[in-house]
Amino acid sequence: MVSIRTRARSVLLTGVSIAAALAVTPAWAQEQTPAPAPADQTAPETTQEDEIVVTAIRETIQTSIQSKRDADAIVDAVSSKEIGELPGQSVGEVIATITGATIDRANYGPTEVSIRGLGSGLSLTTLNGREATNGSGDRAVNFGQFPSELFNAIKIYKTQQANLIEGGVAGSVMLETRKPLDYKRRQIQAEIKGNYNPYQDRISGQSPYGYRATVSYIDQFNAGDLGKIGISIGYQRNDVSDPVERFYTSSTWFTCNAAIVSTTNCTEVTRQQGNSGTPYYHASNSYLYRQMITSDLRNAVFGALQWQPSPTLDVNLDLQYSRRQYSEERHDFGTAEGRYNLHNVVIGDNHQILSADGSATMQVQSALFQRDEKYLGLGGNVEWKPTDRLTVTADFGYSHTSRLDITRTSRLRTDPLDIYGNRTAINNQRIPYHVDFTQSFLPVFTYDSRFNPSDYTAFSDDAQFTRSQDGRDDEIFSGRFDASYKLDGFIQRIEVGGRWAQRKFFGYSNDKILTQDSLAVDRAVNLACRTPFAQRNFLADAPSASIGSFATFDVLCQFRNYLGTEDPGNTGDLRSVDNSDVTEQTWAGYAMASFSGEIGGLGVRGNFGVRGVHTQVTASGLRSGLDVINNTDGTISLRENGTFTATRITSGSMRWLPSINAIFDLSPKMRIRTGIYRAMSRPAPSALGAGRSITLEVGTGFTDVTDAINSIIATGSPRLKPTMSWNGDLAFEYYANKDTILAATVYYKRFTGGKIPITTDEAFTIGGQDYMVPVTQTTNSDVQTDLYGLEVTASNQFTWLPHPLDGLGVKLSYNYAWSNYKTQDIRYGDIIDSATGDVVPGLIPAAGLSGYSKHVFSAQAFYEIGPISLQGIYRYRSRYYQAFTSDNTQLRYVEGNNTFDANISYKINKQADIRFQALNLFNEPRVEYMPVVGSTRNVEYYGPQYFLSFRLRLR
């Protein structure tokens, strides 16, 4: 049977296709657009004043078309007015409407932006021309921390040029804040936006309503002899909820020997065994359901000061501050031993489990997760024009993000005895179950009928309390100097400049684990801290589900009654072998020439140049001390002794990035753009750490130290070099009129520097002696890989239709990409033996580029009549691989998704309007697989959200 959601998508896509067909015929006959300025003249610039007076969707799309037409490279842009009109609660959702841009969407909105189907790790985002920090440990920008009202322009450079900051293999996203003097008039704006969340309405005792309030003030002053002064200041408070219904597994998966039916944990298969024909399947350590109550509070302040003491001097200062306080009250239930006693295993084509029987200890976990994240960005820019030809610019910037996560978790497990000491019906801590992964992406667990997940008395054993503290600190200092000189003739401008930046990243994790084994205490706390299952219709929107409720407890009550305090604090020693402590220094310089003229009767303009970039990485790490314990039988065992040895690793690279962009005017309405350039993208700062994670073999009977070590995996790889690519773009653009564009771009990328695991011997001091032990880490591959892509965009307002249909308009964009780039799984992928240089084949197929989607599609349809505007935005993105923050992890895939957002606005008068917005109307879940496609790792439902706002502007 065809679902309602599928029908809705089919109807929507059919409508979009019809609209596209209409857009490409009569539109070309509309009024002519002005011819581009001759090569020896400067085209009139669109002033910021022009952008501000735009009051309708049609006019703002016109502004975007004109911005693309005027650019010297392959660029797409969105104006500040569009940000105000498009449905979305952050800049990220707005960027996703730009051709080739996609978002990685979570319950609290966009977390990353990908360009042309390539992940955020291959893109660069700048804020007023400067890099911005985040709390995740990568180079992506958390767009959710920035109010959309902060910006007046967003541009995506699809091709690179020498005066742009390096880092964008896929492209560069440039965010620009408001310059108050560009407005030329006072503006006071206030908006109050109410929020309704249906999923929050399912939770007892919780309000489904939230709000977002924004106020901003822009003004200009004539200070006489001191010149002109402009100020801009704004404040926003966002208080909403982001509930999630979730199924998830642990992030570590094992490859199990299918030929051995084990009554304990399954037997792991090595690469050599699997390649020799041993049958195997992939299994996780645990499978859990999660019910969650959330709270999301963000306060943001932003401001700018602009001073023009003379027509030749322009001074700008800007500041952004944001603090987000986010919490999750978590309740989990599921199997604690996902690999235990697995039998009757049915294996799929990708070696994933299709169904299986097993028995496992069941557990309930209650947790309180709290995040406090602060962002501070500030910068200054001075532009001086000592002559009509020379312009000199100096810029400095500072960006700092601090994130502190504290999680308090309690765990209770099943036992042969209940809390009263009575034998349970099963009389075993392990509960038999059957799991079926074939019904949908959400597995169905069927438990022994004698076991009831909602029976509080069944969870009476192995009480454990964990206080986790994770910190991230990311800081960037930067400075740059640029000079531009105008010339006469074909070469019209020469630019030179240099940039220095220092980035410091520190990340740590600290766990304090406490246990107790008194049945009397277990019983007393179990009775005192029970809470009713808070949510109705849990996972009711999923196509398959096996549980609607389970036993839940108040975690703070448990901490108080077990430990005598709600927060026992950290261990007092934040040192850990997993910590990342990275300093990265960058020196860059460039020279670029801009040209304009005629070649063979065709108008041509563009630029060419080269950028040199030197990067120096210093990573500090710790090595854990191990003691050798001599057993009475002559064998040995290893034990961590709590001591640490410091280590330091340095690495550097020098890269040259040539580029050329050229634009050929075939006619007043047609042009061709070309770009050939070399680009680079650096690894995430957290992936450059020098930490090591040591896993010891279970048992004590070892005769050699190296035999007692199961594995050592690097938590980072300081010697990782940037991913490099040679790139070529060829674009055709047809501007039928100011409302209509048809553009197509073909592009090619040749990558060098893919990633593959490698084993390298490193020295470790164990029991006072030095040992060489193989360590698995990620290194750059010398293999060259390719990516081919096609990008198409079309936009039109149907003004040729009779009134009132002339208010209809549509904008479509599609991107297709194909690549043979390979990313290997750190545990079971191909691996290089550093001693021989040989590649040992892995057991898991390689993934592609992180964030790489083969298909990306976006459709906007709008209708305007008088004061009413209607708009809908549909987005589709095919399946993609998404790396975790560190590269040294197993593979994770995100299933393709469809989303639809809608916006209705009514303009009361020039000063006031009302808007209604609906997001995620398809209620599209986030589905993840690991370590192969089809092996479900995570499913999240967070439902649609609705917003109603009133906005007032005073001038």
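- For Glu383, the side-chain hydrogen bond (donor to acceptor under 3.5 Å, both in side chains) criterion is met by no residue, not counting sequence neighbours.
- Listed by chain and residue number, nothing satisfies the salt bridge (Lys or Arg N to Asp or Glu O under 4.0 Å) test with Asp388 (two or more places apart in sequence, or in another chain).
- Partners of Glu131 by salt bridge (Lys or Arg N to Asp or Glu O under 4.0 Å), not counting sequence neighbours, listed by chain and number: Arg499.
- Considering only residues two or more places apart in sequence or on other chains, Arg493 meets the salt bridge (Lys or Arg N to Asp or Glu O under 4.0 Å) condition with none of them.
- Partners of Arg480 according to the side-chain hydrogen bond (donor to acceptor under 3.5 Å, both in side chains) rule, which considers only residues two or more places apart in sequence or in another chain, are Asp482.
- Asp318 meets the salt bridge (Lys or Arg N to Asp or Glu O under 4.0 Å) test with Arg130; sequence neighbours excluded.
- Partners of Asp806 according to the side-chain contact (heavy atoms from CB on, under 4.5 Å) rule, which considers only residues two or more places apart in sequence or in another chain, are His803.
- Partners of Tyr816 under the ring-ring contact (aromatic ring centres under 6.0 Å, His included) rule, at least two apart in sequence or in another chain, are His855.
- Remark: Asp72 engages Arg605, Asn607, Ile663 in a side-chain contact (heavy atoms from CB on, under 4.5 Å) (not counting sequence neighbours).
- Every residue two or more places apart in sequence or in another chain that forms a side-chain contact (heavy atoms from CB on, under 4.5 Å) with Ile676 is listed here: Ile660.
- For Val894, the side-chain contact (heavy atoms from CB on, under 4.5 Å) partners two or more places apart in sequence, or in a different chain, are Tyr880, Gln882, Arg926, Glu928.
- A search for ring-ring contact (aromatic ring centres under 6.0 Å, His included) contacts involving Phe490 returns Phe595, not counting sequence neighbours.
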